[in-house]
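What follows is one structure encoded as structure tokens, with my remarks underneath.
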Amino acid sequence: MFALIEVVYILMLLFGANPANAFFQFIKSMAVPLALFFPGLFNFANNNLDVIVNFGLAAVFWIVVTGLIARLVSR
């Protein structure tokens with residue numbers, strides 16, 4: 001679920017969603033804290049690439065963490 005929030009935020013930014021929209025603000029309010037230390041980890045001249053890499057790494061991180069937790073719980 002956490003990774004899905006990150007992916008939705010990435011897509012909304014890439015497709016130029018209206019930042020004043022309530023749904024965008026709601027997704028952003030969840031995505032930014034879930035990204036942990038990843039935003040700003042890599043800086044690129046292209047803002048879209050910056051968002052894809054940094055928030056994408058956060059999404060991959062959450063997929064790995066939830067996979068590990070699922071394996072531990074299933075034992």
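From a predicted model like this one, the values you see are computed outputs, not experimental measurements. Throughout, residue positions are numbered sequentially from 1 according to the sequence presented.
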Practice item. Would you please test L49 and F42 for side-chain contact (heavy atoms from CB on, under 4.5 Å) and show each step? Key: CA-CA 10 Å; L49 183 60; F42 297 102; over 6 Å; no

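- Heavy-atom minimum distance, A31 versus F55: O-CE2, 4.1 Å.
- Scanning all heavy atoms of the two residues, the minimum distance from A3 to A59 falls at CB-O, 3.5 Å.
- In the hydrophobic clustering of ILVMFWY residues, with side-chain heavy atoms under 4.5 Å counting as a link, I27 and L11 come out apart.
- In terms of hydrophobic clustering, with Ile, Leu, Val, Met, Phe, Trp and Tyr side chains grouped at heavy-atom distances under 4.5 Å, F37 and V64 are assigned to different clusters.
- Interatomic distance, L36 CG to L41 CG, rounded to the nearest 0.5 Å: 11.5 Å.
- Atom CE of M30 and atom CE of M1 lie 7.5 Å apart (nearest 0.5 Å).
- Annotation: F26, atom CZ; neighbour count of heavy atoms from other residues, nucleotides and ligands within 6.0 Å does not exceed 12.
- Under a hydrophobic clustering in which Ile, Leu, Val, Met, Phe, Trp and Tyr are joined whenever their side-chain heavy atoms come within less than 4.5 Å, directly or via other members, V32 and V60 fall into different clusters.
- Counting all heavy atoms, side chain and backbone alike, G56 lies closest to I10 at N-CD1, 3.5 Å.
- Nearest heavy-atom pair, A35 versus A58, reported as atom, atom and distance to 0.1 Å: CA-CB, 3.7 Å.
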Practice item. Please report the C-alpha distance between F61 and V65 in whole Å, then the side-chain angles of each, then the deciding distance to 0.1 Å, and finally whether the side-chain contact (heavy atoms from CB on, under 4.5 Å) criterion is met. Key: CA-CA 6 Å; F61 169 80; V65 167; 3.6 Å; yes

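- Judged by distance alone, the side chains of N54 and D50 do bring a donor and an acceptor atom under 3.5 Å apart.
- Without hydrogens or angle criteria, W62 side chain to L34 main chain gives a donor-acceptor distance under 3.5 Å.
- Within the model, atoms NZ of K28 and CD1 of I5 stand 15.5 Å from one another, a figure rounded to the nearest 0.5 Å.
- Taking the six-membered ring for Trp and thresholds of 30 and 60 degrees, F24 and Y9 have ring planes inclined between 30 and 60 degrees apart.
- Of the inter-residue distances, the one linking L13 atom CG with N47 atom CG reads 8.0 Å to the nearest 0.5 angstrom.
- The side-chain heavy atoms of M12 and F23, taken from C-beta on, include a pair separated by under 4.5 Å.
- Between F38 and V53 there is no side-chain heavy-atom pair separated by less than 4.5 Å.
- With hydrophobic clusters built from ILVMFWY side chains whose heavy atoms lie under 4.5 angstrom apart, L57 shares a cluster with I52.
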